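We name chains A, B, ... by the order of the sequence lines, and we start the count at 1 in each one. Predicted model only: the values in this text are computed from it and were never measured.
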Protein chains: 2
Amino acid sequence: MPPTFDAHISIIRPMINTDTLLAWGASHKKVSESEIIFSEGQAPHFYFQLDSGSVRWVNINDEGKEFIQYLICPGESFGEMAVFDDMPHSASAIANEDSVVLRLAKSTFFQLLEEEPEIHFAFSRLLSQRLRFKFLLLKELAYADSEHRITTLLEYFKQSRKNICEKSNKVMLTRQQIAKMTGLRVETVIRSIRHLSDKGLVHINHGKVYC
Amino acid sequence: MPPTFDAHISIIRPMINTDTLLAWGASHKKVSESEIIFSEGQAPHFYFQLDSGSVRWVNINDEGKEFIQYLICPGESFGEMAVFDDMPHSASAIANEDSVVLRLAKSTFFQLLEEEPEIHFAFSRLLSQRLRFKFLLLKELAYADSEHRITTLLEYFKQSRKNICEKSNKVMLTRQQIAKMTGLRVETVIRSIRHLSDKGLVHINHGKVYC
DNA sequence: GGAATTCTATGACATAGATCACAAAAACTC
DNA sequence: GAGTTTTTGTGATCTATGTCATAGAATTCC
């Protein structure tokens with residue numbers, strides 16, 4: 001997959017400072033495009049944080065169709081949900097491009113949180129923000145039409161990036177990615193985006209949806 | 001609304017022990033049926049925990065249609081999402097029946113978490129479990145048909161009650177409630193439930209869906 | 001620079017589920 | 001226990017979105 005999810009982050013605010021993570025014994029791990037970092041159903045052994053590149057956190061159904069739960073950009077953590085509730089991963093993490101991941105053993109992660117309550121509070125905030133986004137998207141999926149679903153998703157992207165980088169960075173999404181995040185089909189997304197862009201509600205840049 | 005969401009809990013495991021909460025200065029608050037505890041859009045000032053009764057955590061759209069994000073039963077917390085990320089409540093909490101709520105000031109709640117790391121970890125676990133349920137439901141809403149959405153929801157109810165009470169308690173859901181939690185219309189839920197019950201995939205008790 | 005992928009695009013058609021319009025049954029109210 | 005409200009139930013339509021087929025444009029890859 002091409003790096004259309006352009007994570008050109010200016011000043012990243014990682015969940016846990018990289019040096020801190022390394023001091024606690026985290027290890028760097030290079031992953032190449034399409035490589036699976038962990039799979040749905042696996043028991044969680046590590047806390048993961050993206051150092052560089054981009055990762056998608058997805059469910060894949062019986063027919064092989066992907067539903068993207070989150071696109072992870074540098075500084076963000078992923079898979080911590082399963083670490084906290086000690087249940088199998090409920091989605092797989094797959095590298096969108098060649099990336100570098102920081103990995104910390106689960107037990108060490110808990111020790112770190114215990115010693116650094118501020119970091120623990122940062123995770124409570126992160127989980128709450130993610131939950132908030134799910135509330136929003138679920139409500140849209142339940143009651144809104146395709147155009148509303150898309151604009152809600154784009155709005156989220158505009159907002160969420162503010163949490164992890166100082167300067168607003170540009171995110172470009174392909175219509176295929178939007179389809180995989182809203183549960184709509186590519187054709188529907190294409191037609192809806194065309195309509196939204198005619199109305200000036202969505203901005204297109206070199207053919208890609210810009211937010 | 002009649003107490004169809006029968007929270008006949010045998011042995012409740014509250015998020016925070018009631019005595020502990022009271023010792024920290026929490027106050028009891030009686031709310032009557034249909035009373036709004038907090039509204040979508042309001043700033044969060046309190047941590048809430050249900051003592052007795054039942055509460056629904058809902059979004060209401062422009063046409064007045066409800067989407068139930070969670071049904072809260074005794075011992076469970078609600079609204080803590082907004083407390084953690086310090087953003088307006090993203091859904092309203094409404095009493096399903098006459099209930100008693102425990103309320104603790106936000107700043108005190110944070111002090112409590114700082115002094116009692118185990119309780120903080122319990123909240124990380126709770127947020128993760130709730131997020132996990134949203135992952136699941138979102139995937140279903142995106143790709144599955146009405147019958148799958150319903151069975152996924154019922155399955156969740158079966159599971160989630162285990163987290164807060166020792167003995168498995170019976171939950172009865174009306175078709176209207178299922179509609180409001182899956183984004184389907186009542187008529188569709190009625191027809192799907194009939195079909196599922198014909199196939200023996202769902203159990204009906206005195207006309208209500210049992211799980 | 002040509003081949004192979006991946007994306008975008010568009011038309012024709014099918015269909016699950018929404019909507020509307022009733023009505024009966026059940027539950028709750030006083 | 002008569003009246004009100006809520007819930008369940010069922011048929012007849014309507015429509016947004018999925019599905020399928022096909023193709024051109026844009027990228028990536030040797």
>> Checking contacts here: which listed nucleotide (D:dG9, C:dG17, C:dT10) is nearest the side-chain heavy atoms of A:Ile190?
In response: C:dT10
>> Nearest to the side chain of B:Val186, heavy atoms from C-beta on, is which of C:dT8, D:dT8, C:dG17?
In response: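 Among the listed nucleotides, the one closest to the side chain of B:Val186 is D:dT8.
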Detail all sub-3.5 Å separations between protein N/O atoms and N/O atoms belonging to nucleotides 18-21 of chain D.
| unit_1 | atom_1 | unit_2 | atom_2 | d |
| --- | --- | --- | --- | --- |
| D:dG18 | OP2 | A:Arg185 | N | 3.4 |
| D:dG18 | OP2 | A:Thr188 | OG1 | 2.3 |
| D:dT19 | OP2 | A:Arg185 | NH1 | 2.8 |
| D:dT19 | O4 | A:Arg191 | NH2 | 3.4 |
| D:dC20 | N4 | A:Glu187 | OE2 | 3.2 |

Between [atom2] of [N] and [atom1] of [X], the distance in whole Å:
X: A:Glu97; N: D:dT28; atom1: CD; atom2: C1'; value: 14 Å
X: B:Ile204; N: C:dA26; atom1: CD1; atom2: C1'; value: 15 Å
X: B:Met172; N: D:dT8; atom1: CE; atom2: P; value: 12 Å
X: A:Glu33; N: D:dT27; atom1: CD; atom2: C1'; value: 12 Å
X: A:Gln177; N: D:dT27; atom1: CD; atom2: P; value: 15 Å
X: B:Tyr143; N: D:dT17; atom1: OH; atom2: P; value: 16 Å
X: A:Leu141; N: D:dT17; atom1: CG; atom2: P; value: 11 Å
X: A:Leu173; N: C:dC7; atom1: CG; atom2: C1'; value: 14 Å

> Excluding sequence neighbours, so at least two apart, what forms side chain to side chain donor-acceptor pair (under 3.5 Å) with B:Gln69?
Replying inline: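 Side chain to side chain donor-acceptor pair (under 3.5 Å) list for B:Gln69, sorted by chain: B:Asn59, B:Lys134.
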> To the nearest 10 degrees, how far apart in direction are the end axes of the helix from C:dG1-D:dC30 to C:dC30-D:dG1, each fit to five base pairs?
Replying inline: 70°
> Can you say whether the rings of B:Tyr70 and A:Phe135 are parallel (under 30°), tilted (30 to 60°) or perpendicular (over 60°)?
Replying inline: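 Because their plane-to-plane angle lies in the 30° to 60° range, the rings of B:Tyr70 and A:Phe135 count as tilted.
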> salt bridge (Lys or Arg N to Asp or Glu O under 4.0 Å): which pairs involve residues 34-49 of chain A, sequence neighbours left out?
Replying inline: A:Glu40-B:Lys139
> Does any non-hydrogen side-chain atom of A:Phe133 lie less than 4.5 Å from one of A:Leu153?
Replying inline: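 Sidechains of A:Phe133 and A:Leu153: in contact.
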> Would you call A:Leu173 and A:Leu71 a side-chain contact if the rule is heavy atoms closer than 4.5 Å?
Replying inline: yes
>> Show, in sequence, the C-alpha distance, side-chain angles and deciding distance for B:Phe48 and B:Phe38, and conclude whether the side chain to side chain contact (heavy atoms under 4.5 Å, CB included) test is met.
In response: CA-CA 10 Å; B:Phe48 290 97; B:Phe38 57 76; 3.4 Å; yes
Pair up each side-chain donor or acceptor in residues 14-28 of chain B with any protein partner under 3.5 Å, not counting sequence neighbours, and list the distances.
| unit_1 | atom_1 | unit_2 | atom_2 | d |
| --- | --- | --- | --- | --- |
| B:Asn17 | OD1 | B:Asp19 | N | 2.9 |
| B:Asn17 | OD1 | B:Thr20 | N | 3.4 |

> Closer than 4.0 Å, any side-chain N/O of B:Arg175 to the OP1 or OP2 of D:dT8?
Replying inline: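 Yes, because at least one side-chain N or O of B:Arg175 sits under 4.0 Å from OP1 or OP2 of D:dT8.
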Which pairs would a plain distance check flag for residues 79-90 of chain A, meaning a side-chain donor or acceptor within less than 3.5 Å of a matching protein atom at least two apart in sequence or in another chain?
| unit_1 | atom_1 | unit_2 | atom_2 | d |
| --- | --- | --- | --- | --- |
| A:Glu80 | OE1 | A:Ser77 | OG | 2.9 |
| A:Glu80 | OE1 | A:Phe78 | N | 3.3 |
| A:Glu80 | OE1 | A:Arg130 | NH1 | 3.4 |
| A:Glu80 | OE2 | A:Arg130 | NH1 | 3.0 |
| A:Asp85 | OD1 | A:Met87 | N | 3.2 |
| A:Asp85 | OD1 | B:Arg132 | NH2 | 2.9 |
| A:Asp85 | OD2 | B:Arg132 | NE | 2.7 |
| A:Asp85 | OD2 | B:Arg132 | NH2 | 3.4 |
| A:Asp86 | OD1 | A:Lys106 | NZ | 2.5 |

> So which heavy atom on A:Ile36 is nearest to which on A:Ser39, and how close?
Replying inline: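 Minimum heavy-atom contact is CG2-OG, 3.4 Å.
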